[in-house]
Amino acid sequence: MRKINSIFIVDDDPITVYGIKKLLNAVVDCDQILEFPNGQLAINHVQKLLLENKELPDIIFLDINMPVMDGWEFLEEFIKLPASKSVNINIVSSSIDQNDKDKSEEFKTTTHHPIAFKSKPIRKEDIVEITNVITT
Amino acid sequence: MLKNNPVISNQFLIKQLPQATAFIDRECKVVFASDKWVEEFNFPPCNYKHKKIQDLLGWESTQWTNSVLGCIKGKRAESFKERYTDKNAGTKWYQWEIFPWYDEAENVIGAIVQAEDITQTEQKEQQLNRLQFILKETEEKGKIGNWEYHQEQDIFTSCPMILTLLEIEDNTGLTLDNYIDFHKIGYDRNTISMAIYSAMEKKTSWNEKLQITTAKGNQKWVNVSGKPLYQNGVYIGLIGIVQDITDYVLKEHQTKNNEHLLKTLINNLPIRIYIKDTESKKILANRSELDHCGIAHEADIIGKDDFDIYDKETAEQSREEDLEVMISQIPMIHKEFSQQNPDGTSNYYLSSKIPLKGTNGETTGLVGITMDISHIKQKEKELKRLIHVTSQQNKKLVNFAYIVSHNLRSHSANFSMLLDFLTEEEDQEERENIIRMLTDASNNLMETLHNLNDIVAINTEANNSKKEVVLHKTLNSVLEKLNPSLDEHKATVVTEIPMETRINVIPSYLESIITELITNAIKYRKPDVPPIINISLHHVPNYTVLRIEDNGLGIDMKKHSKKLFGMYKTFHSNTEAKGMGLYIVKNQIETMEGKVNAQSEVGVGTTINLYFNEEN
């Protein structure tokens with residue numbers, strides 16, 4: 001089974017978090033899967049990691065609609081951080097709004113982190129595809 | 001007696017001849033002249049004898065000389081008229097009679113010349129000719145005919161022009177009665193009959209404009225006039241003049257019709273029309289213009305300028321426009337301007353000024369056309385407002401549709417995912433776990449649908465359900481209901497609302513809004529500080545503002561101001577937060593045509609301002 005060091009799931013919906021975790025566990029071997037119910041808590045943790053000079057996660061699953069700090073605000077903060085590592089960011093949303101897709105494309109051009117837009121529900125194939133990039 | 005030496009016997013008889021007579025010998029020398037001749041031709045009284053007659057007269061003409069010479073040869077000349085020019089007497093006309101002069105032996109010894117001064121007759125004749133000519137010309141050019149009626153003999157005579165006028169071939173048999181019958185039956189024939197009767201009986205004259213029907217059936221307008229005819233002071237009949245004035249009358253009718261049409265048209269147009277002279281004084285104004293100026297009769301506006309009608313500023317501006325148009329001769333088209341009414345409202349107008357030019361191209365004034373476009377402006381304003389409302393509603397709808405689709409999709413995605421897991425899961429405990437989550441998802445969906453339903457209900461609430469409420473009373477009733485919660489958190493509510501303040505609202509919305517905002521103030525209190533909520537009233541143009549101020553956690557407005565009132569937006573890590581409260585508040589106040597805004601500072605507190613529309 002492929003091995004991944006660290007994965008963040010930033011989402012306030014416990015069912016989605018449960019689903020992603022369940023699928024990940026079926027596909028890869030991951031040391032650490034961290035959950036954050038909003039963007040603020042996630043960015044706080046990232047900042048802490050950078051401060052302590054620890055490694056950033058390989059993959060972030062990011063919801064858009066969240067309280068306190070939403071997915072877009074998180075992205076804005078995240079790409080500003082001095083991170084040399086490329087973190088695979090997967091925006092997972094139930095949105096099928098073209099505006100949201102365009103917005104994610106815009107973010108892509110402003111950062112070295114690979115950004116992908118995935119519509120809910122997340123399928124096993126999506127998880128395979130996402131994790132493949134890291135392990136190969 | 002010598003043949004060529006004529007002698008006059010009975011000289012005293014000749015001397016007294018009543019007619020100017022001269023006897024001349026064969027050499028044209030005067031032998032003797034009557035006193036009349038001497039006087040007429042101004043001969044020297046004593047010594048004219050034996051001088052040549054031509055020399056004495058100082059005049060001769062070919063015909064005259066030939067006649068004299070003819071007579072001397074024994075051939076009598078015809079009497080003739082000839083003009084005679086004399087240095088002293090000027091031009092005269094004479095009837096000349098020249099005879100051969102015979103002696104007893106029938107020998108021609110000279111000629112007898114007789115002259116009759118016919119100057120006066122000649123002049124009269126010429127005058128008559130001229131008058132006849134003028135009459136003929138006038139009759140023809142002016143289509144004027146005349147007739148005479150001699151009552152005693154019952155004779156009716158008419159000039160050829162009468163025939164032309166009546167379109168008959170000849171006037172034989174034309175009687176006064178026939179003539180009268182040419183007049184149109186009714187008014188015209190009655191009028192002429194009465195006039196002629198009156199002229200015969202009372203010796204009056206007449207002058208009427210009447211219609212006739214000619215022999216060929218054509219209708220003509222004629223001017224008939226006439227009077228009794230007298231001879232030596234005795235009444236003998238009538239004389240009448242008939243003038244064909246058809247062309248003139250028809251033109252006059254046409255002009256009158258045109259004028260009437262034009263007047264009717266401009267007076268009934270809903271736009272103001274006026275004509276000004278070069279000094280900007282009005283010389284014409286239609287009904288609309290008069291009404292606008294508050295003047296009843298057109299005569300009262302003629303000669304007035306804008307300074308007599310409007311305030312100085314308006315008048316000066318108008319005069320400036322007039323001058324520019326009249327000097328440049330370039331029309332001013334559709335210039336928009338507004339005028340304030342005494343009641344403070346404004347009217348909007350489109351004004352055009354077109355220069356009027358005389359035959360030589362010089363400016364003689366201008367035509368002004370002013371259209372009141374206030375109602376159009378009003379509609380435009382209304383339309384703009386409607387477009388704004390519509391675009392706002394559209395935005396809201398798009399947002400709502402987005403939210404609906406997003407939320408429903410997120411639930412269906414969860415169902416779909418969980419069901420996938422369930423079909424593949426074999427572990428019984430995990431299956432139960434998944435089923436529990438499916439139940440949660442189902443409950444969440446129900447709640448979402450419930451929320452959406454609330455929103456739809458707000459947006460479809462009819463406007464006419466608005467009522468006037470006493471703000472103070474509503475507030476108190478809400479506070480009473482919230483009392484247990486306020487007590488529990490040791491909250492203080494300070495209200496500064498005048499007792500009499502009334503606002504127009506949907507009562508249930510007002511209650512819901514106040515409840516939501518006070519609940520929020522408690523929900524997002526600082527953990528260790530008892531909440532203090534200040535409720536006060538303010539006024540800004542068109543709105544009554546209800547302000548609800550707390551000392552709670554506050555929100556970072558830099559980050560969140562744009563989505564504060566958005567759906568499913570929450571700003572605190574509070575599990576109670578659903579992101580619906582403020583969204584509903586915003587929808588409710590907007591449904592009541594009001595608005596809401598907020599100020600907040602983290603750690604200080606939040607102020608929400610509710611704007612209630614006073615217009616409705």
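All values derive from a computational prediction rather than experimental measurement.
Looking at B:Glu424, neither its backbone nor its side chain comes within 4.5 Å of chain A, counting heavy atoms on both sides. Neither the backbone nor the side chain of B:Asp556 comes within less than 4.5 Å of any heavy atom in chain A. For a residue to count as touching a neighbouring chain, one of its non-hydrogen atoms must lie under 4.5 Å from one of that chain's; by this rule A:Asn99 does not touch chain B.
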Go through the steps to decide whether B:Asp550 and B:Arg525 satisfy the test salt bridge (charged side-chain N to carboxylate O under 4.0 Å, His left out), and finish with yes or no. CA-CA 8 Å; B:Asp550 69 36; B:Arg525 67 191 178 276; over 6 Å; no
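Residues A:Phe61 and A:Phe8 keep their aromatic ring centres 6.0 Å or farther apart.
Using cut-offs of 30° and 60° on the angle between ring planes, the pair A:Phe107 and A:Trp72 is parallel. Classification of the B:Tyr543-B:Tyr611 ring pair by plane angle, with boundaries at 30° and 60°, yields perpendicular.
Most heavy-atom pairs under 4.5 Å with chain B, from the set A:Asp12, A:Thr16, A:Ile122: that is A:Thr16.
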